[in-house]
Amino acid sequence: MDLPIAGAHLTVLRSDPILVLGVGDYELHVEGELAVHSPTGPTLHRIPGEPHTDELTAALTGEVVSAAVAAGGALGILLESGHRLAVEPDPYFEAWNLTAPGRYLVVCMPRGELAIWSAAE
């Protein structure tokens, strides 16, 4: 499933207790482990319950989304810089959700099933 956030800029809105990213008019709530794969350096991880690093905030802030997909509950976001964000589904809790005004919500349910609410439906 393609997510409608291509072209949007990222901002870190909150990092504790969960990571909340502003993505244009959308908010991405990450409650699972986030991996930020860099094209030139090490992969950064944000583990739930652990404070984020300034390095993670710097890697995300101001980036522009090239593409975003949800497949099998896994979230994949490609940024124009070449960075890739990945969140895998969790067997016990909701790993991530994407929401926007106007009744749009995609939730990665436990074990990876997607629950989708959209004003277009």
Side-chain angles (χ1 to χ4, degrees):
M1 163 184 195
D2 289 331
L3 299 172
I5 56 175
H9 288 80
L10 290 179
T11 56
V12 176
L13 301 176
R14 188 172 64 228
S15 63
D16 193 30
I18 65 169
L19 180 64
V20 179
L21 300 175
V23 191
D25 292 335
Y26 293 80
E27 281 190 6
L28 175 63
H29 297 240
V30 179
E31 298 183 49
E33 181 177 343
L34 170 70
V36 179
H37 303 281
S38 169
T40 59
T43 296
L44 302 174
H45 293 272
R46 198 234 180 235
I47 310 296
E50 293 183 7
H52 79 289
T53 65
D54 291 338
E55 190 176 15
L56 179 68
T57 299
L60 298 177
T61 300
E63 289 282 356
V64 177
V65 176
S66 291
V69 297
L75 172 65
I77 299 175
L78 178 62
L79 304 177
E80 287 185 354
S81 65
H83 285 84
R84 288 183 304 108
L85 281 62
V87 181
E88 295 295 324
D90 187 272
Y92 304 108
F93 65 90
E94 298 169 354
W96 60 269
N97 71 70
L98 181 69
T99 186
R103 216 184 118 210
Y104 180 89
L105 177 63
V106 177
V107 179
C108 176
M109 304 297 289
R111 296 176 301 284
E113 181 181 353
L114 295 179
I116 303 166
W117 293 269
S118 174
E121 292 180 353

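- One hydrophobic cluster, built from ILVMFWY side chains closer than 4.5 Å, cannot hold both Val69 and Val106; they sit in different ones.
- Among all heavy-atom pairs drawn from Leu114 and Cys108, the shortest one is CD2-CA, 3.9 Å.
- In terms of heavy atoms, Gly62 sits closest to His9 at O-CD2, 3.6 Å.
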Pairs under 3.5 angstrom only: tabulate donor-acceptor contacts from the side chains of residues 71-89 to other protein residues two or more places apart or in another chain.
residue: Ser81; atom: OG; partner: Glu63; partner atom: OE1; Å: 2.9
residue: Ser81; atom: OG; partner: Glu63; partner atom: OE2; Å: 3.0
residue: Ser81; atom: OG; partner: His83; partner atom: N; Å: 3.4
residue: Ser81; atom: OG; partner: His83; partner atom: ND1; Å: 2.7

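- Linking ILVMFWY side-chain heavy atoms closer than 4.5 Å, directly or via other members, places Leu98 and Leu13 in two distinct hydrophobic clusters.
- Note: Thr43 OG1 to His37 NE2 = 5.0 Å, rounded to the nearest 0.5 Å.
- Partner of Leu10 under the side chain to side chain contact (heavy atoms under 4.5 Å, CB included) criterion, out of Val65, Val64, Ile5: Val65 alone.
- The CG atom of Asn97 sits 6.5 Å away from atom CD of Glu31, with the distance rounded to the nearest 0.5 Å.
- Contact annotation: the side chain of Thr99 never approaches that of Trp117 to less than 4.5 Å [non-hydrogen atoms, C-beta and beyond].
- Clustering ILVMFWY residues whenever any of their side-chain heavy atoms sit less than 4.5 angstrom apart, transitively, puts Tyr92 in a cluster other than the one holding Met109.
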Please output the side-chain donor-acceptor pairs of residues 19-30 that fall under 3.5 Å, not counting sequence neighbours, one pair per line with the distance.
residue: Glu27; atom: OE1; partner: His29; partner atom: NE2; Å: 3.0

